[in-house]
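Here the structure is laid out as C-alpha cells; the discussion comes afterwards.
Counting convention: from 1, in listed order, for ligands and their atoms alike. This structure is a prediction, so every number in the text was calculated from the model and none was measured. The figures that follow rest on heavy atoms only: side chains count, while hydrogens, waters and symmetry mates do not.
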Amino acid sequence: MRYGRSTVTVLSAAVAVVLLGGGPALAQEAEPNQVQGLSVVQAEGFATVSWIPVEGATDYQIERTPVDASDTPTGASVITGVWLPNRQVHNDRPTFADAGFNPGDRFQWRVRARFAGSAQPFSAPVSGTTMPPWGDPTVPGENLRTQWETTQAAQFTSDVNELAYTAAIDQLNERVRVVEIGRTVLNRPINMFVIGYPTPPATAAGVAATFPLLINCNVHGNEPNDREGCLILARRLAFSSDARVIDLLSHTTVLIVPTINGDGRAANTRGNSTGQDLNRDYSLIRQPETFTFVRMLRDYRPVAGYDGHEFGNSSAGDLPMLPPRHQNVPRSIFDQSQDMIVRHMYEQGAKDGWWPCPYGCANGGNVGLSEETILRNTLGLKNVVNSLLELRSAGGPTRPDEGNPANNRRRKAYSAMWTFNEFLDYHRANLQAIVRARREAVRFQLANRGRIVFRGSRPIPAFPAPHPGESPPPVDAPDPSLILDNPPCAYKLTEEQYNGPRTDGPEGMRTTVAQRLEAHGWKVVKVADGYIVPMTQPERGLIPLLLDAQAVEELVGAERLLPTSNPGSGPLVVSSGVTCLVGRSVRGPVTVLPGATLIAAGTSFGGPVRATGAAGVFLTNSTVRGPVSISTTTGAAVIAATAVNGSVQLSNNRTTGGAILVAGNTVAGALRCNGNTPDPVNIEIANAVTGPRTGQCAGL
Ligand SMILES: [Zn+2]
C-alpha cells in the first residue's frame with residue numbers, strides 16, 4: 001500500500017492577509033508572529049479550531065474562556081490544548097479538536113504560536129456556542145439522555161440506566177431492534193442494538209445480507225468512555241432525520257454492543273467477574289461473554305468492526321488505532337484495515353482536529369501484538385476489516401486541562417463517537433472495497449495455501465515524520481518455532497477432545513470443544529474414530545491456532561491429517577476414511593462412497609464428482625470437468641471457489657456439521673438444491689451460474 005503525503009507549505013502572515021481578504025480576525029493590524037485566520041467549527045462534543053500556520057512555530061497553544069451571550073468572560077481562561085507537529089498529516093493546515101467542555105456552553109477561543117517554548121502573541125478571539133447534546137429535549141425519544149449526560153459526566157451510566165435507556169430506544173423506534181445476544185457470568189444481559197432504516201432485517205441472516213458493521217464498545221470494564229459515546233450515538237442513529245443518518249441506515253445495518261462485560265463495568269474491573277480478560281479470550285471463548293459474542297459474529301457476519309478501549313500512555317495520540325496484524329489474517333483484510341486507519345482516519349483526523357496514530361505511538365511499549373485471543377486479530381481471522389480503538393486515558397501534555405475528571409471523560413467519549421461516526425462514513429463510502437477484500441480473504445482461506453504462523457505480526461510501517469505514525473508498534477516477527485510451512489489438510493479430534501468435559505471457564509458454565517467450534521461456525525465431520533475439522537474453510541487461519549499442539553494457546557492438540565500421499569491419478573473411488581488431495585490432477589470420475597470423506601483443494605478433476613452418503617465433501621479452489629452431485633451427506637460439505645464444467649446438484653443432505661457452503665463457484669450448468677437440512681448458504685459470496693438456480697439454491 002502506498003501512503004500519500006502532501007507537501008508542507010507554510011504560509012507567511014503576508015500571504016494570509018491576501019487570502020483572507022480582511023476577515024474579522026484581521027480587523028487590527030497583525031503583530032509579528034501572531035496567529036491569523038482563526039476559525040472554530042462546532043461539532044458533536046468538540047470544536048474544531050484551525051488557523052494559518054506561523055512560520056517557525058514549533059507548537060501552538062489553544063486557549064478557551066467561558067463567555068456569556070455578549071461574549072463577556074464568565075470564568076478564567078485556560079490553555080486546553082497544545083498542538084504538536086506530529087499531531088496530523090497536514091501540517092500546513094493545523095487543526096485541534098478542542099473537547100472536554102459541557103456541550104451547549106459558550107466559549108471564546110484564541111491560539112498562539114510558540115517558538116521553542118517562547119510564546120508569541122495570541123490571535124484575535126473567536127466566540128461560539130458549542131453544540132448541545134443531540135436530540136430535541138421536547139421530542140420523545142430524542143429527549144432520552146444517559147446517566148452520564150444528565151450528570152454532566154460526573155457519573156458513568158450504570159447497568160440499570162443502560163437497560164432503561166436501551167429499552168426506551170427499542171420501544172420508541174422502528175429503526176432499532178435490541179437483541180439480547182447472551183448473558184454475563186453474573187447473569188447481566190448482553191444487548192446489541194441492531195439499527196437499520198426503515199427497519200432492520202428481521203433475522204440475523206437478513207442482517208448479514210446487508211454487509212453490516214459492528215462496534216464493540218466496552219470489553220474492559222474499567223475503560224468506560226467508548227461505551228458512553230456508543231450510547232449517545234445509538235440514540236442519534238435511532239431518531240435522527242438527518243439525511244446522512246437516513247442514507248447510512250438505508251444501505252446497511254449497524255450493530256452496536258454497548259457492554260459485553262457488564263459485570264466488569266459494574267465492578268470497574270478490566271476482566272469479567274472471574275478475573276478473565278475477555279480480550280484474551282475471543283478465540284478460546286471459555287467465558288459466556290465471549291462465547292455469545294463469537295456466536296453472534298457467526299450469525300450476523302459483520303464485514304467491518306471497531307473495538308473500543310482506553311490506553312494509559314499520556315504521551316500518545318488522542319486515538320491510537322491498530323489493524324489485525326496476525327500473519328494468518330488474509331492480506332486483503334490487513335490492507336483494507338490499514339486503508340481505513342491511515343487513509344481515512346488520519347485524513348479525517350487532520351480535518352477535524354483529532355489525533356489518530358498507530359497503537360503504541362509515542363513509545364507506548366510492547367503492545368498490539370499477534371495474540372489471536374484479542375478481538376482485533378480474531379475478527380481479522382474471521383475476514384472482518386477492523387481496528388482497535390484506544391482513547392488516551394490522561395490528558396497528557398497536549399490536553400493540559402483534564403485534571404477535572406468530567407473534562408477528561410467528555411474528551412474521551414466524544415472522540416470515540418467521532419471515530420465511530422467516521423467508521424460509519426468509511427463503511428458507506430468504501431463498502432465495495434470492503435466486500436471485495438472480504439471475498440478475496442475467504443477465497444484465500446478456503447484454498448488452504450501458504451504457511452501457518454502460530455504467533456507473529458505483520459509490520460506496521462512508519463508514516464513519514466513529523467506526521468502521526470512515526471512510532472508504530474514493535475516489530476513482532478514470528479519465531480521459527482511458531483511457523484508451520486506445510487499446512488495440514490485437516491485436524492482430527494478424539495471423542496474425548498471433542499466432547500469431553502473441560503476445566504477452563506467458570507464452573508457451571510463450561511462448554512465443550514464441540515460447542516465452541518459450533519459457536520465459531522466451523523464445519524466438523526464425524527468419522528468412525530473421531531471428528532475431522534478440514535482446513536479448507538473460511539476461517540482456516542484460526543483453526544490451527546485452536547487445534548494444533550504447536551500453537552501457543554490451543555484448545556486441544558489434535559492430530560494433523562496430511563494430504564494423501566498416493567491417491568493415484570486415474571478414476572478415484574473414496575471408499576472409506578479421509579482422502580485429501582492438494583494440488584493434484586485426477587483424470588477419471590470421482591466417487592465418494594457412504595461414510596467416506598473427500599477433501600480436495602487446488603485439484604483438477606477430469607471427470608464428474610459424485611458423492612452419496614458421504615461423511616464429508618470439501619471441494620475448494622478446484623476445477624471439475626463434469627457435473628458435481630452430492631446427496632445424503634451426513635457430516636458437512638463445502639463447494640467453494642471451484643469451477644464446474646457441468647451442473648451442481650445438492651440433494652437430501654442432512655449435515656450435522658452445519659449448512660452446506662456453496663460460495664464463489666463458477667458453474668457452467670445448473671445449480672439445483674433440494675431437500676437439504678439446513679438450507680445451503682453462500683455467506684454473501686455469490687456463485688456465477690450459467691444455468692438455472694433452483695430450489696434452496698435459487699438465491700445463491
Ligand atoms: Zn482495553
Side-chain angles (χ1 to χ4, degrees), residues 148 156-157 184 190 214-231 256-287 289-290 293-294 305-326 337 341 345 355-362 364-380 384 386-396 408-409 411-420 423 457 460 473-474 476 553:
W148 184 86
F156 291 110
T157 302
T184 65
I190 303 170
L214 168 70
I215 303 170
N216 191 35
C217 308
N218 185 215
V219 64
H220 290 145
N222 58 350
E223 300 172 4
N225 287 289
D226 304 81
R227 170 174 171 269
E228 299 296 346
C230 277
L231 291 171
I256 299 176
V257 178
T259 320
I260 181 182
N261 182 14
D263 300 343
R265 174 75 287 273
N268 198 37
T269 56
R270 178 177 174 92
N272 72 355
S273 61
T274 74
Q276 173 63 48
D277 182 341
L278 296 177
N279 203 28
R280 298 295 182 275
D281 195 49
Y282 283 105
S283 58
L284 295 161
I285 52 175
R286 295 162 292 193
Q287 302 290 324
E289 293 92 348
T290 41
F293 191 87
V294 161
Y306 252 92
D307 186 33
H309 293 259
E310 297 184 29
F311 181 39
N313 174 343
S314 65
S315 298
D318 297 327
L319 298 163
M321 299 181 182
L322 197 68
R325 297 174 69 195
H326 192 294
S337 304
I341 295 166
M345 293 296 179
W355 182 9
C357 68
Y359 186 37
C361 56
N366 204 28
V367 295
L369 305 180
S370 65
E371 298 99 311
E372 69 281 0
T373 53
I374 295 174
L375 184 61
R376 166 175 60 85
N377 285 321
T378 314
L379 284 176
V384 180
N386 84 98
S387 177
L388 165 80
L389 171 65
E390 298 279 349
L391 315 174
R392 185 187 64 240
S393 296
N408 173 257
R409 292 168 184 176
R411 184 265 302 170
K412 286 189 277 192
Y414 288 113
S415 68
M417 199 202 290
W418 174 84
T419 307
F420 299 146
F423 174 44
S457 297
I460 302 294
D476 176 33
E553 290 184 74

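- Taking backbone and side chain together, Glu310 holds no N, O or S atom under 2.8 Å from the Zn ion (ligand 1).
- The aromatic ring centres of Tyr306 and Trp418 sit 6.0 Å or more apart.
- To the nearest 0.5 angstrom, Ser457 atom OG is 6.5 Å from Asn377 atom CG.
- Side chains of Asp318 and Ser415: a donor-acceptor N/O pair is absent below 3.5 angstrom, by distance only.
- If you look at Glu223 and ask which of its N, O or S atoms sits nearest the Zn ion (ligand 1), the answer is OE1.
- Taking the N/O/S atoms of His220 in turn, the shortest distance to the Zn ion (ligand 1) belongs to ND1.
- Using modelled atom types and a 3.5 Å distance limit, the side chains of Glu289 and Asn272 yield a donor-acceptor pair.
- Take the N/O/S atoms of His309: the one nearest the Zn ion (ligand 1) is ND1.
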